Amino acid sequence: MKLLHCTILFLLSTLFIQLAKASTFEQAFTPIRTGGAIVFVPVELSPNHPEYFSIKPQDDSHLLAWHFENDAHFYQIEALVNGQWQTLSLNVTTAFYRVPLSTGAATYRIRGCHNYGCSDWKGSNRTVTEETDINAFYANNIAVAKFQSVTLNWVVQGASAVSITSNHGANYSNLNPNHGSLSIDVYKETTFTLSIADFNGQKKYTKITVGVIPEKVVNKSAKTEHIQPLYDINQDIIHKTLVAFDDAIYFATHDKKLVHYRYEPDAQTESKWQLIWERSLSGEISNPPTLYNNKLYYSVSIFGGKSQVCSVSLVLSSQHTCTQVKQAQLYASPIVVDTTSLPQSHLSWLQKIGITPIESQAVNGIYVFYANGDIALHALNDLNAQPRSFAFPQSIQNEVIDTPELFIGAPNTNSAGWLQFAVRDGNRLHGLQLPIAQSSNSLLERAMSLFSFDDAKTSQPQSAQTLNQAWSAEL
């Protein structure tokens, strides 16, 4: 009897609502449990209205545009004419609409509809005049730990709608059509696509990829009878960074450490490798450290597009110095130039063929090549001093990821006898002559005085100066 009573009430209420509801829409129901039975109760259901409803004035019309909500099937648009709302369209199935100025309207409103009803009216809240374009789309980190969040930022102009999607199926729509930020959890390498729409249904896109920092990887394989100094280290070693010197090895690990091991012979027991020290870093080392004057100089890449240059004493590991963190990518190792200690092998072949080496005029210091082509010159043994700035003679096409090679120009070339860097730019090599500390009376040296500078240790802060390109060649 109770179930019959509930059923009768349900049928009466349904009939009442259907009579009151416009015949153009269907009735939406939701199931509920009453006692031991499930009945369907009528509910009001409407789609979301657009968050941003934009106008772009034209010479003869107003262009209206908005974000097309997923739960809307069509849109209705009205214009305010002489104080009265007049219908422009009851069935717009696009995300844009053109209104001739002859209608005499300047104010509009819109609502989304589907089979069960319409949303509330949304008035126009943006006037746009710029051409549609993407000014910036970037992340606060290029790589994050697994399941950590990354913040995406965008700045656009002239857009009616902005959305971001990922290659793993995520979709973030109805975003601020001017600028904004969005925090998203990342669990594996993800490519995010920014999409913006203009007032004619056309779209522009750009992409960025965010990586995930790899977890520690240990693969010991089989132990042999040979000495294996790295076998028992539970760290993922960056093999490219390993440096051997004086019965010792130095290397970096992916868990942001610089490690020093030494082979310790022992007459009483089995000789073995001993951990001498390890130092925690703010990032990772990408290339072998540079050994100079009983110090290791190395570059640290910090997630988020930052970096710094450091040195550590091989005698006293407590003597550890780093530059301030810089907002720039850095992969190449520092290059130490000390013309008083160049290997004799660099000079002898020049002297044999009658060329007087002029490398002694090059500016001494610690040269640091950033990924974007910027070059910083630090004073020898003083990383804290203000560095000097140099630049490539032209824009590089690829990031500098390998450490440039230091050598002396070959005979029968315009740069014979000059100290220079060989820098890789994708499939090309560029020869850049080092800046000169002083000039003399020879014609070649007077010409090169255009690129003359004082020693790094006595220089004052100044704007970047361009290095001379001696040659360029395809690999």
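Every value quoted in this text rests on a predicted model; they were computed, and no experiment measured them. In this chain, residues are counted from 1 in sequence order.
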Please tell me whether Y367 and F421 form a close aromatic pair, meaning their ring centres lie under 6.0 Å apart.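 Yes, they do, as the ring centres are separated by less than 6.0 Å.
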Do F68 and Y75 have ring centroids that are under 6.0 Å from one another?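 Centroid separation for Y75 and F68: below 6.0 Å.
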Ignoring hydrogens, what is the shortest heavy-atom contact between V243 and P288? Give both atom names and the distance.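 Shortest heavy-atom separation between V243 and P288 comes out as CG2-CB, 4.0 Å.
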Heavy-atom closest contact (H62 atom, P57 atom, distance):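 Heavy atoms of H62 and P57 come nearest at CD2-CA, 3.9 Å.
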Other residues, nucleotides, ligands: >12 heavy atoms within 6.0 Å of [X] [atom1]:
| X | atom1 | answer |
| --- | --- | --- |
| E474 | CD | yes |
| E405 | CD | no |
| K240 | NZ | yes |

Between side-chain atoms of residues 129-145 and protein atoms elsewhere (two or more places apart, or another chain), which donor-acceptor pairs fall under 3.5 Å?
{"residue": "T132", "atom": "OG1", "partner": "G158", "partner atom": "O", "Å": "2.6"}
{"residue": "N140", "atom": "OD1", "partner": "T151", "partner atom": "N", "Å": "2.8"}

I'd like to know if the side chain of W471 pairs up with that of Q420 as donor and acceptor (distance under 3.5 Å, no hydrogens or angles considered).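 Yes, a side-chain donor-acceptor pair sits under 3.5 Å.
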Between Q433 and Q469, does a side-chain hydrogen bond (donor to acceptor under 3.5 Å, both in side chains) hold up when you go through it step by step? CA-CA 6 Å; Q433 293 181 352; Q469 178 168 286; over 6 Å; no
Test side-chain hydrogen bond (donor to acceptor under 3.5 Å, both in side chains) on D198 and N200 and set out the steps. CA-CA 6 Å; D198 64 11; N200 294 301; 4.6 Å; no
Could you tell me how the ring of F392 sits relative to the ring of F369: parallel (under 30°), tilted (30 to 60°) or perpendicular (over 60°)?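 Ring orientation, 0 to 90° scale: perpendicular.
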Against the six-membered ring of F251, is K257 placed for a cation-pi contact (under 6.0 Å from the centre, within 45° of the normal)?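 Pair K257/F251 does not count as cation-pi.
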